[in-house]
Amino acid sequence: AKLSVYFTSVDYAGHQLLFGGSFGLESDMATMIIAVNEPTTIPLSSLELDSVNEQLLAGQLHNLTMEISDANGVDSIDIVKVKLLGADVDDLGVMNWEPRNGAIYTHNDSQLTLHDVITTQGDGDAWYVSWHFSLDWDFDESMVPEYALPAIIVFDDDDLNPVSLLTNLGGIRWQLDNDLKVTLDEKSDNTPPISQPSPDHIFVQPGDDLSFTGKVIYSKSGVPVENLPSQGLEVTVSTLYGSEPLQVYGEVVVGGSWETGLILPLRSLSAPNLVVDYSITGVPLPGYDLSSLNTMITVDETSPVVQFATAPLSLNDEELETLQYSVLIIEEGGMPAGDIVVNWAFLRSGLVMENGQSSGSIPYIANNSGTWTYSGSVDFTEGVNVSLMDGDELIWWVDIVDLAGNAARGTGLSQIDPMNTIFTVLSFDLTVTNIGITLADGSIPKGNEVVEGTEIGVVVQVRNLGTKAGTVTISLVE
């Protein structure tokens with residue numbers, strides 16, 4: 001039960017009494033709680049600390065929840081103390097809540113901020129209490145043991161003797177995570193020909209414009225930094241281009257993301273591999289930058305050299321299904337993983353025939369000290385639908401581009417300069433040049449001399465004007 005006390009008065013001049021309160025618990029001068037002394041309990045099973053793998057992150061919002069049961073209501077309690085470092089530490093990491101008047105506070109040397117305490121009534125005498133707090137960036141890590149074991153102390157009517165004391169709470173133990181490090185999501189090339197992006201190793205050309213994107217994370221938990229320290233954070237990306245140091249900077253924004261760009265010098269390099277280092281400026285002590293990330297950039301301006309060890313240069317239309325290729329590519333910088341693509345087209349009167357162009361793959365075999373080998377059989381009938389005739393032509397070309405975007409040059413390496421083949425469309429094209437009929441004795445029959453039963457001989461002379469052998473069948477029809 002609650003007794004509400006307030007005062008009213010009017011002096012002889014008719015002035016009302018000031019600051020005497022008014023009717024109602026929310027506006028009275030004082031409230032007296034009349035209750036039977038009941039125990040206050042906090043079940044251990046209700047305790048939950050939203051640490052990340054048992055890590056509390058410096059500068060970030062955390063939440064401690066608990067269930068408090070008291071028959072007189074949670075607002076009958078004088079004070080609840082949460083000691084994050086244990087019962088023996090009275091200042092650092094201590095949070096205070098006075099349920100009777102709703103006050104929440106920490107002391108100046110607590111090195112944390114108590115943002116709010118939210119209560120929700122549960123079943124019966126239970127109340128669910130949520131503490132929203134954050135450890136300061138400069139929280140004294142020397143005071144944190146291997147694992148900190150919090151304590152919760154409840155006082156009611158007696159400031160010396162707690163009504164509830166929970167210590168060594170291993171279920172909500174924690175460690176401090178205050179060291180940061182850089183991660184890289186992607187390095188990308190913005191200058192055509194654009195090479196394949198990668199967080200680890202990219203291949204580019206001199207003068208290319210590069211972009212870097214990543215995050216700053218906590219070293220132990222791996223969680224991105226959501227809320228930044230007051231002075232901010234900055235990522236430095238550095239490398240050596242030959243003997244010239246290159247450095248660029250990226251501001252870390254809320255959420256831990258950062259990005260920056262780097263334009264490479266135009267000059268060539270004798271040593272094409274650049275090691276890229278990353279570091280953070282602005283990590284508050286006692287935290288440190290523990291970045292150890294190194295990535296690679298290969299600057300490659302040399303086009304691949306292609307050798308056709310085996311290729312179809314002279315062929316006919318009966319050989320199209322099994323054309324053998326063996327290709328050697330000399331490329332120190334690197335080639336994309338997988339097979340290479342060969343394209344072909346059938347021409348008539350110098351133009352590509354309708355449905356007469358397609359492509360296939362020459363399988364990758366091996367790489368030996370910068371020499372890349374591709375070999376296999378290709379079916380030039382796949383993907384085309386044409387009826388070939390004498391005079392039709394066949395061209396082919398292979399697409400070769402290295403990891404830095406350098407394209408191979410030469411005949412057979414582009415549609416502009418394809419490989420022209422000696423292509424023959426085979427045909428069996430007969431022409432009858434003479435037909436001779438004779439009698440059995442070899443003489444030429446005269447008129448009406450051949451009658452039924454007369455033995456004759458027939459000689460047919462033909463010429464094959466085509467390029468394909470065949471068989472001729474002669475029939476006599478009455």
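- No donor-acceptor pair under 3.5 Å is formed between the side chain of T310 and the backbone N or O of S326.
- Counting heavy atoms of neighbouring residues, nucleotides and ligands inside a 6.0 Å radius, atom CD1 of I263 does not exceed 12 of them.
- Side-chain contact, S221 with N53: no donor N or O sits under 3.5 Å from an acceptor N or O.
- Taking CG of D300 as the reference point, atom CG of N406 lies at 5.0 Å (rounded to 0.5 Å).
- Atom-to-atom distance recorded for W97:CH2 and I79:CD1 is 11.0 Å, nearest 0.5 angstrom.
- In this structure, CD in E98 is found 12.0 Å from CD1 in I77, a value given to the nearest 0.5 Å.
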Check against side chain to side chain contact (heavy atoms under 4.5 Å, CB included), I362 and D339: CA-CA 6 Å; I362 305 174; D339 307 334; 5.8 Å; no
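- Taking CZ of F139 as the reference point, atom CG of L112 lies at 6.5 Å (rounded to 0.5 Å).
- D125 places no side-chain N or O within donor-acceptor distance of the main-chain N or O of S69, the cut-off being under 3.5 Å.
- The aromatic rings of Y218 and W137 lie parallel to each other, their planes meeting at an angle below 30°, with 60° marking the opposite boundary.
- A distance-only check finds a donor-acceptor pair linking the side chain of E331 to the backbone of G333 [under 3.5 Å].
- Within the 3.5 Å criterion, the main-chain N or O of A103 finds a donor-acceptor partner in the side chain of N101.
- In this structure, I172 CD1 and L47 CG are separated by 5.0 Å, a value rounded to the nearest 0.5 Å.
- Between P162 and I153, the shortest heavy-atom contact is CB-CG2, 3.6 Å.
- Between atom OG of residue S164 and atom CD1 of residue I152 there is a gap of 8.0 Å, rounded to the nearest 0.5 Å.
- Under the 3.5 Å distance criterion, the side-chain polar atoms of K220 are matched with a main-chain donor or acceptor of L176.
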Candidate pair S238 and Y278, rule side chain to side chain donor-acceptor pair (under 3.5 Å), full reasoning: CA-CA 7 Å; S238 57; Y278 305 82; over 6 Å; no
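- Taking both residues in full, the closest heavy atoms of L394 and F380 are given as CD2-CD2, 3.9 Å, listed atom of the first, atom of the second, then distance.
- L180 pairs in a side-chain contact (heavy atoms from CB on, under 4.5 Å) with only one of the listed residues (L290, V252, V225), which is V225.
- Around CD of Q324, the count of heavy atoms belonging to other residues, nucleotides or ligands within 6.0 Å exceeds 12.
- Ring geometry for Y105 against H107 counts as perpendicular: the plane angle is over 60°, on a 0 to 90° scale with 30° as the lower cut.
- Residue D116 qualifies as enclosed at atom CG: its count of foreign heavy atoms under 6.0 Å is above 12.
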Chi angles and distances behind the side chain to side chain contact (heavy atoms under 4.5 Å, CB included) call for L313, F423: CA-CA 8 Å; L313 301 178; F423 180 56; over 6 Å; no
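- The 12-atom threshold is not exceeded at CD of E26, counting heavy atoms of other residues, nucleotides or ligands nearer than 6.0 Å.
- T260 places a side-chain N or O within donor-acceptor distance of the main-chain N or O of Y249, the cut-off being under 3.5 Å.
- Salt-bridge formation is not detected for the pair E259/K215: no Lys NZ or Arg NE/NH1/NH2 atom is positioned less than 4.0 Å from an Asp or Glu carboxylate oxygen.
- L413 places a side-chain heavy atom less than 4.5 Å from the side chain of F308.
- Residue R267 places its CZ atom among more than 12 non-hydrogen atoms of other residues, nucleotides or ligands, all under 6.0 Å distant.
- Here the side chain of N368 pairs no donor or acceptor atom with the backbone of T371 at under 3.5 angstrom.
- Classification of the W396-Y325 ring pair by plane angle, with boundaries at 30° and 60°, yields perpendicular.
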Working for side chain to side chain contact (heavy atoms under 4.5 Å, CB included), residues L264 and Y241: CA-CA 8 Å; L264 297 176; Y241 195 90; 4.2 Å; yes
Stepwise side chain to side chain donor-acceptor pair (under 3.5 Å) test for Q60 and E226: CA-CA 7 Å; Q60 307 305 310; E226 183 67 28; over 6 Å; no
Full working for side chain to side chain contact (heavy atoms under 4.5 Å, CB included) between T236 and V182: CA-CA 10 Å; T236 301; V182 178; over 6 Å; no
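- Checking Q205 against E301 by side-chain atom types alone, no donor-acceptor pair falls below 3.5 Å.
- Checking T113 against H115 by side-chain atom types alone, no donor-acceptor pair falls below 3.5 Å.
- S358 places a side-chain N or O within 3.5 Å of a backbone atom of E382 that can act as its donor or acceptor partner.
- What you find for V306 and A408 is that their closest heavy atoms are CG2-CB, 3.7 Å.
- Each of I194, I297, N190, L274 was compared with V204 under the side-chain contact (heavy atoms from CB on, under 4.5 Å) criterion, and only I297 meets it.
- Salt bridge status for D90 with K81: absent, with no side-chain N to carboxylate O gap under 4.0 Å.
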Residues T298, H201; criterion side chain to side chain donor-acceptor pair (under 3.5 Å); working and verdict: CA-CA 7 Å; T298 295; H201 191 176; 2.6 Å; yes
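- Summarising the local packing, CD of E186 is surrounded by more than 12 heavy atoms from other residues, nucleotides or ligands at distances under 6.0 Å.
- Proximity of V275 to M296: side-chain heavy atoms (C-beta onward) are separated by under 4.5 Å at one or more points.
- Among I329, N367, V401, the single residue meeting the side-chain contact (heavy atoms from CB on, under 4.5 Å) criterion with M335 is I329.
- Inter-residue side-chain proximity for Q196 and I202 is flagged as unmet; no heavy-atom pair is nearer than 4.5 Å.
- Side-chain contact between D177 and S219: present, with at least one pair of heavy atoms (C-beta onward) separated by less than 4.5 Å.
- A donor-acceptor pair under 3.5 Å links the side-chain atoms of S198 to the main chain of D200, judged by distance alone.
- Nearest heavy atoms, E141 versus N178: OE1-ND2, 3.1 Å.
- Taking 4.0 Å as the cut-off between side-chain N and carboxylate O, R100 and D78 count as a salt-bridged pair.
- Side-chain N or O atoms of N72 include none that pairs as donor or acceptor with a backbone N or O of S76 at under 3.5 Å.
- Remark: D289 does not engage K181 in a salt bridge, criterion side-chain N to carboxylate O under 4.0 Å.
- In terms of heavy atoms, A87 sits closest to A151 at N-CB, 3.5 Å.
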Residue pair S4, D28: steps toward the side chain to side chain donor-acceptor pair (under 3.5 Å) verdict: CA-CA 6 Å; S4 179; D28 60 10; 2.5 Å; yes
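- In terms of heavy atoms, G207 sits closest to T191 at O-OG1, 4.4 Å.
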